[in-house]
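We name chains A, B, ... by the order of the sequence lines, and we start the count at 1 in each one.
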Amino acid sequence: MTQMSAPLAEDQMKEWSSEQSRLRGLVIQHDTEPWQQDPHFSGLKRVAGVDLSFIKGDDASACAQLVVLSYPQLEVLYEDSQMVALTAPYITGFLAFRETPFLLEALKRLQENKPGLMPQVVFVDGNGLLHYREFGIACHLGVLSGLPCVGVAKNLLNVEGLAKNEEHRSKIAALQKGGDSFPLTTSSGKVLGKALRSWDKSSKPVYVSIGHKISLDTAVKLTHSCCRYRVPEPIRQADIRSREYLRSHFPPADT
DNA sequence: GCGACAG
DNA sequence: ATCTTGTCGC
């Protein structure tokens, strides 16, 4: 009889690593949709954002959020908040194994309840190809859902020589206005993403990378076009609404 | 060995 | 991710 046992953390990470390497080959790094070819993204009507928010002392309970916004108006057309019980811990490089299952469930609910509102592209809070094994959560969600995805991280993941060193800070300082960007090139010369000044009033950039079914330049341009503030509106709305859900359903513990 | 490390 | 108010500036 085959015995199953909870793998040690290190073995679990090895399994996850090979899973990421396997799925990495399924990522499509070019524009596959008609609207992506158009200078003004004509034909793009719905963009989504996903995020998970947690309660302070509980890292196992979270509110999984999916929002669909109109484009280019960026008004919320659909919202889904769902409390979920996470099983996987947060380990840098393996964020997808912790959060993706619940994001896929949210997309599934959308498909069943409002199929007409299925998004044409999903913004994910985190990285895509800008990852240790070039398969961050944006790629993971993209490959498993089949939807075009863009990864937008608020902090730089230190992969293959990328770091917030002097040279990096210098390049950031050179970003003059919203829309300006520079490539994030690894020590081996590969471009894994771009640092983007998402709007005029932010000195701190966001890190954009390919998730699935979109080119890097299109992802950067689209991200900029979805920014009212530093963080793309779809992700920002998902964050705001999931936190609001927690505030109203799980009031801070009193004395 | 030490530090760094998406959310 | 989360703990946290006001404050300075456009």
Decide yes or no for [X] and [Y]: does some side-chain heavy atom of the first lie under 4.5 Å from some side-chain heavy atom of the second?
X         : Y         : result
Cys226(A) : Leu74(A)  : yes
Val27(A)  : Val143(A) : yes
Leu104(A) : Ser145(A) : yes
Cys139(A) : Leu23(A)  : no
Pro148(A) : Gln36(A)  : yes

Legend entry - First-last contacting nucleotides on DNA chain B - partner chain A, under 4.0 angstrom, heavy atom: dA4(B) to dG7(B)
Legend entry - Check ion pair Glu112(A)-Arg109(A) (N to O, under 4.0 angstrom): no
Inset, instruction - Taking only Lys NZ, Arg NE, NH1 and NH2, and the carboxylate oxygens of Asp or Glu, determine whether Lys177(A) and Asp180(A) approach each other closer than 4.0 Å. - result: yes
Residues in contact with DNA chain B, drawn from [range] - heavy-atom cutoff 4.0 Å:
range                       : answer
residues 126-159 of chain A : Gly126(A), Asn127(A), His131(A), Tyr132(A), Gly136(A), Ile137(A), Ala153(A), Lys154(A), Asn155(A), Leu157(A), Asn158(A)
residues 170-198 of chain A : none
residues 46-63 of chain A   : Asp51(A)
residues 88-104 of chain A  : Tyr90(A), Thr92(A), Gly93(A), Phe94(A), Leu95(A)

Just how far is it from atom [atom1] of [X] to atom [atom2] of [Y], taken to the nearest 0.5 Å?
X         : Y         : atom1 : atom2 : answer
Asp80(A)  : Leu117(A) : CG    : CG    : 12.0 Å
Gln237(A) : Glu75(A)  : CD    : CD    : 10.5 Å
Leu156(A) : Leu130(A) : CG    : CG    : 6.0 Å
His212(A) : Leu129(A) : NE2   : CG    : 11.0 Å

Inset, instruction - Return one dot-bracket line describing DNA chain B 5' to 3' (Watson-Crick or G-U wobble pairs, both distances under 3.5 Å; ( ) same strand, [ ] crossing, | another strand, . none). - result: .......
Inset, instruction - Run the ring-centre check on His249(A) versus Tyr245(A) and record whether the distance is less than 6.0 Å. - result: yes
Inset, instruction - Hydrophobic side-chain clustering at under 4.5 Å (ILVMFWY, transitive links): who's grouped with Trp199(A)? Put none if nobody. - result: Tyr229(A)
Inset, instruction - Tell me which of Lys201(A) and Asp239(A) sits closer to the 5' end of DNA chain C, going by the nucleotide each one is nearest to. - result: Asp239(A)
Legend entry - Of all pairs that satisfy salt bridge (Lys or Arg N to Asp or Glu O under 4.0 Å), the ones with a partner from residues 205-232 of chain A, not counting sequence neighbours: Lys194(A)-Asp217(A)
Inset, instruction - Output every pair passing salt bridge (Lys or Arg N to Asp or Glu O under 4.0 Å) with a member in residues 22-36 of chain A, not counting sequence neighbours, ordered by first then second residue. - result: Glu19(A)-Arg22(A), Arg24(A)-Glu134(A)
Inset, instruction - Indicate the atoms forming the closest heavy-atom contact of Val50(A) with Leu141(A), along with that distance. - result: CG2-CD2, 4.2 Å
Inset, instruction - Give the first and the last nucleotide of DNA chain C, reading 5' to 3', that has any atom under 4.0 Å from a heavy atom of chain A. - result: dA1(C) to dC3(C)
Legend entry - Under the 3.5 Å Watson-Crick or G-U criterion, the dot-bracket string of DNA chain C, with | for inter-strand pairs: ..........
Legend entry - Side-chain donor-acceptor contact under 3.5 Å, Gln65(A) with Ser81(A): yes
Inset, instruction - Say whether Gln20(A) and Trp16(A), considering side chains only, have a donor N or O and an acceptor N or O under 3.5 Å apart. - result: no
Inset, instruction - Just grab all the ring-ring contact (aromatic ring centres under 6.0 Å, His included) pairs involving residues 51-80 of chain A, residues at least two apart or on different chains. - result: none
Inset, instruction - Could you walk me through whether Asp125(A) and Lys154(A) pass the salt bridge (charged side-chain N to carboxylate O under 4.0 Å, His left out) test, one step at a time? - result: CA-CA 8 Å; Asp125(A) 201 351; Lys154(A) 296 181 289 296; 2.9 Å; yes
Legend entry - Flag, side chain of His131(A) to backbone of Arg133(A), donor-acceptor distance under 3.5 Å: yes
Inset, instruction - Test salt bridge (charged side-chain N to carboxylate O under 4.0 Å, His left out) on Glu233(A) and Arg236(A) and set out the steps. - result: CA-CA 5 Å; Glu233(A) 204 57 19; Arg236(A) 180 167 170 273; 2.8 Å; yes
